[in-house]
Number of protein chains: 2
Amino acid sequence: MSTTRPPETSSGPPWTGPLSPPRRRRVSMADVARLAGVSSQTVSRVSTGHPGVVPATREQVLTAMRQLGYRPNGAARALKYGEFRTIGVVLFTLATTGNSRTLEAIATYAADAGYVITLIPVTTPTQDRVDGAFTRLGELAVDAVIVIMEVHLLDTATVVLPPDVHVVIVDSDAGERHCVVDTDQAHGARQAVHHLLDLGHRTVWHVAGPPESFAAERRALAWRGVLREAGRPVPPLRRGDWSADAGYRAGLELAEEPDCTAVFVANDQMALGVLRAFYQRGRVVPRDVSVVGFDDIAEAGSFIPPLTTVHQDFAEVGRRCVEAALRQVRTGSTETGTTLVPTRLVLRDSTAPPPRR
Amino acid sequence: MSTTRPPETSSGPPWTGPLSPPRRRRVSMADVARLAGVSSQTVSRVSTGHPGVVPATREQVLTAMRQLGYRPNGAARALKYGEFRTIGVVLFTLATTGNSRTLEAIATYAADAGYVITLIPVTTPTQDRVDGAFTRLGELAVDAVIVIMEVHLLDTATVVLPPDVHVVIVDSDAGERHCVVDTDQAHGARQAVHHLLDLGHRTVWHVAGPPESFAAERRALAWRGVLREAGRPVPPLRRGDWSADAGYRAGLELAEEPDCTAVFVANDQMALGVLRAFYQRGRVVPRDVSVVGFDDIAEAGSFIPPLTTVHQDFAEVGRRCVEAALRQVRTGSTETGTTLVPTRLVLRDSTAPPPRR
DNA sequence: GGCACCGATGTTTACGTAAACATTTCCGGT
DNA sequence: ACCGGAAATGTTTACGTAAACATCGGTGCC
């Protein structure tokens with residue numbers, strides 16, 4: 001670390017002067033030991049809850065601890081144990097419901113296991129930044145890493161990953177080389193499309209997410225697959241960037257298609273935009289056209305009309321991420337392969353049989 | 001008690017766990033030094049970028065580092081430096097836009113300053129859990145703490161806070177005793193209510209957040225204040241829990257009030273519910289009734305109709321949190337007082353003059 | 001040519017903790 | 001009274017890093 005110390009700022013660095021702002025050394029076990037009149041090892045035993053300390057002594061030590069406000073030094077412990085009890089989470093954005101919900105679940109389950117989460121944000125998804133994050137990661141006090149990111153960016157950065165840090169990846173097809181946990185995108189998309197076909201729609205249109213998203217690709221692929229299997233025509237694909245605005249624009253286009261009676265939108269935000277476009281164009285949902293979303297965000301039930309959508313179990317994704325990460329940490333092994341978390345179709349009021357023609 | 005325990009089942013705290021797998025020791029500076037044929041101190045100098053290493057030697061060391069895959073041990077550094085370059089963030093939920101956006105901003109600005117974020121989730125806001133989080137916090141390797149939480153819960157837990165950890169709090173009235181950064185709730189609410197009055201509405205109804213939220217209270221207080229100042233009647237308050245469903249229920253009630261021509265809703269999610277309730281009851285927004293939200297979530301512009309709302313600058317809140325936290329860390333001081341981040345009213349299509357009567 | 005000095009590198013030490021090993025204390029059994 | 005032995009407590013050491021201090025070789029100056 002480049003200690004850029006301006007030489008002329010004051011009369012010497014603040015920590016040398018005896019009168020300087022009390023950069024007071026933290027209370028250590030030695031201090032407690034001195035006050036309690038025991039050895040620091042005994043303090044350690046009390047601190048870690050080891051047996052073999054007579055109650056009277058223990059009480060003495062605890063009193064001294066309280067009196068001095070002692071708390072163990074995490075860094076020293078980590079150094080001693082050789083592990084940090086910390087999981088790093090690399091992510092690109094928290095703006096999407098999925099990411100923040102997954103993160104929350106990860107943090108919660110990690111906490112249950114006595115681990116904490118260190119956040120490593122990658123603000124702009126340029127290769128540089130990603131590489132930078134992973135380089136920094138190398139120096140970070142982290143036992144395992146969970147990556148929540150479109151994996152395409154990750155690919156070239158992967159090589160930089162320190163070999164002794166265990167990795168779990170969300171939203172990725174890197175199952176060959178890494179441990180991947182993800183929602184079963186394909187199954188969810190199939191549920192959505194089948195639902196619409198079952199209602200009697202001749203075919204289903206699709207508003208997909210951006211091509212660099214693995215999830216978007218999987219959903220689009222499954223959509224196309226179901227239509228092909230069923231021998232239905234495959235309408236041209238619209239793409240958006242997950243935002244409601246993008247959905248709105250796609251919706252305006254779809255509203256012009258007289259054949260379009262059913263739309264599967266790759267996420268709920270874009271579905272919101274589609275609903276607004278249809279509303280504005282006087283295409284009544286679900287009477288004239290049915291819409292299915294993906295994610296089941298908290299607001300989906302309050303859209304106009306309440307949105308039928310594919311529910312993602314973000315909590316479960318988070319749980320399995322932590323599970324896989326800790327398993328690897330404990331065994332010291334590196335797992336590969338993909339774990340898929342099932343989805344569930346939530347029926348609300350945005351789908352109905354097609355209008356009589 | 002301990003007499004009956006066989007020594008090999010010794011169950012200390014979970015993190016004392018068995019060091020079962022042959023945890024291969026990480027490459028240390030000594031290893032690099034040996035390979036490069038220099039002293040470990042020279043490796044240290046190269047690693048930290050200190051001057052005074054001749055290029056040839058430096059290259060030799062770098063080669064050895066690469067060859068062995070060396071990366072510095074964060075714990076050892078932290079122990080040496082006496083600081084962790086880490087900020088802990090305590091929060092209750094990431095489900096609200098505000099919290100996750102603030103967190104993202106905090107993480108980003110912290111990263112810019114060379115700090116990382118450690119997440120400390122408090123899943124259920126019981127006093128127990130909060131206390132627990134703060135106790136754990138004490139042992140955590142953290143230089144400062146940012147708390148994103150309704151402060152009422154915090155209050156009694158505060159005493160537990162280690163005195164040498166610096167604190168910044170969001171969404172709180174603890175400015176007397178702590179450093180608080182928050183959106184200027186009152187100003188935002190005033191903007192919203194004034195906007196509606198300026199449009200010609202006789203008065204403004206309010207759907208508030210839960211009473212345990214400080215933000216909710218501030219917004220409600222400001223709403224009432226503006227009406228009082230303007231000499232307008234103060235309609236009865238509705239309360240919700242921030243969710244769209246709660247907004248929907250409140251909206252159904254408001255739709256029955258013939259006098260209600262303008263509603264200020266304490267957040268956008270509830271506003272979404274209110275819009276749906278009005279839609280369902282045939283009260284056209286904004287022709288029959290105007291609605292203003294709070295937050296300006298990404299989807300607000302895609303509501304039906306697009307929502308006029310108070311924009312919160314979460315990024316700025318996050319930035320100032322980090323700033324305040326790091327300032328305290330650097331100076332070793334404890335700041336108190338409140339910093340307010342201004343809001344901005346975003347005009348969209350959900351407000352209009354009241355209907356002619 | 002000798003000496004003071006500086007730059008490059010090596011050696012020692014401390015950070016706080018806890019395992020491993022060492023010592024003391026105290027007990028019951030003979 | 002003595003001894004074996006275990007429980008209670010103390011001492012040493014290592015974890016990986018980097019500041020502080022020590023050393024060594026060369027360079028410039030008189």
Side-chain angles (χ1 to χ4, degrees), chain A residues 1-3 5 13 15-16 23-34 36-61 65 68 70-85 139 141, chain B residues 1-8 10 12-13 15-19 23-34 36-61 65 68 70-85 139 141 164:
Chain A
M1 200 140 305
S2 55
T3 52
R5 183 189 316 149
W15 60 85
T16 53
R23 172 77 172 169
R24 60 175 181 283
R25 204 175 49 77
R26 258 180 60 163
V27 179
S28 79
M29 294 211 310
D31 302 316
V32 176
R34 206 170 306 119
V38 299
S39 77
S40 64
Q41 182 55 40
T42 299
V43 177
S44 169
R45 280 191 265 259
V46 172
S47 167
T48 55
H50 274 215
V53 178
V54 93
T57 309
R58 171 185 308 275
E59 206 45 57
Q60 218 170 326
V61 171
M65 280 180 173
L68 296 175
Y70 168 79
R71 41 199 197 100
N73 181 316
R77 280 193 171 170
L79 176 58
K80 191 94 181 77
Y81 286 130
E83 60 177 30
F84 308 98
R85 304 201 70 82
E139 320 186 348
Chain B
M1 42 157 160
S2 54
T3 55
T4 59
R5 178 171 6 198
E8 60 276 9
S10 87
W15 39 271
T16 331
L19 13 146
R23 174 178 293 287
R24 61 173 184 287
R25 205 176 49 77
R26 259 178 59 164
V27 180
S28 79
M29 292 210 315
D31 302 317
V32 176
R34 206 170 308 120
V38 299
S39 78
S40 64
Q41 182 55 41
T42 299
V43 178
S44 170
R45 280 192 264 258
V46 172
S47 168
T48 53
H50 273 217
V53 179
V54 96
T57 311
R58 170 184 307 276
E59 205 45 57
Q60 218 170 326
V61 171
M65 280 181 173
L68 295 175
Y70 167 80
R71 44 201 196 97
N73 182 318
R77 279 193 171 169
L79 176 57
K80 191 97 183 71
Y81 286 132
E83 61 176 30
F84 308 100
R85 303 196 73 79
E139 320 188 347
D164 53 345

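Chain letters run A, B, ... following the sequence lines, proteins first, then strands; residues in each count from 1. Quick caveat: nothing in here was measured; it's all calculated off a predicted structure.
In the model, B/Arg45 has no side-chain atom that pairs as donor or acceptor with a side-chain atom of B/Thr57 under 3.5 Å.
Residue A/Tyr81 places no side-chain N or O under 4.0 Å from the OP1 or OP2 atom of D/dC15.
Of the possible donor and acceptor atoms, one in the side chain of B/Thr48 sits under 3.5 Å from a partner among the backbone N and O of B/Ser44.
The distance from atom CD of B/Glu83 to atom P of C/dC15 is 17 Å, rounded to the nearest whole Å. Separating the CG atom of B/Asp31 from the C1' atom of D/dC15 is a distance of 13 Å, rounded to the nearest angstrom. Remark: C1' of C/dG16 and CE of A/Met65 are 13 Å apart, rounded to the nearest angstrom. In this structure, CZ of A/Phe84 is placed 15 Å from P of D/dC15, rounded to the nearest angstrom. B/Met29 has its CE atom 18 Å from the P atom of C/dC15, to the nearest Å. The distance from atom CG of A/Leu79 to atom P of D/dA18 is 12 Å, rounded to the nearest whole Å. Taking atom CZ of residue B/Arg71 and atom P of nucleotide D/dG16, one finds them 13 Å apart after rounding to whole Å. The nearest whole Å value for the distance from the CG atom in A/Asn73 to the P atom in C/dG16 is 7 Å.
Residues A/Arg58 and A/His50 share a closest heavy-atom pair of NH2-O, 3.6 Å. Looking at every heavy atom in both residues, B/Ser39 comes nearest to B/Ala33 through C-CB, 3.7 Å. Shortest non-hydrogen contact noted between B/Ala36 and B/Gln60 is O-NE2, 3.0 Å. When every heavy atom of A/Val32 is checked against every heavy atom of A/Tyr70, the shortest pair comes out as CG2-CB, 3.6 Å.
For B/Ala76, the listed nucleotide lying nearest its side chain is D/dG16; candidates were D/dG16, C/dG16, C/dA18.
The shortest distance between side-chain heavy atoms of B/Lys80 and B/Asn73 does not fall below 4.5 Å. Looking only at side-chain heavy atoms (C-beta outward), B/Met65 and B/Val61 come within less than 4.5 Å of each other.
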Nucleotide N/O to protein N/O under 3.5 Å, stretch nucleotides 22-27 of chain D:
none

Between the protein and nucleotides 6-13 of chain C, are there any N/O to N/O pairs under 3.5 Å, and if so, what are the atom names and distances?
from, atom 1, to, atom 2, distance (Å)
C/dT9, OP1, B/Thr57, OG1, 2.5
C/dT9, OP2, B/Val54, N, 2.9
C/dG10, OP2, B/Ser39, N, 2.9
C/dG10, OP2, B/Ser39, OG, 3.1
C/dG10, OP2, B/Thr42, OG1, 2.8
C/dG10, N7, B/Arg45, NH2, 3.0

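Taking CG from A/Asp31 and CE from A/Met29, the interatomic distance works out to 10.5 Å, rounded to the nearest 0.5 Å.
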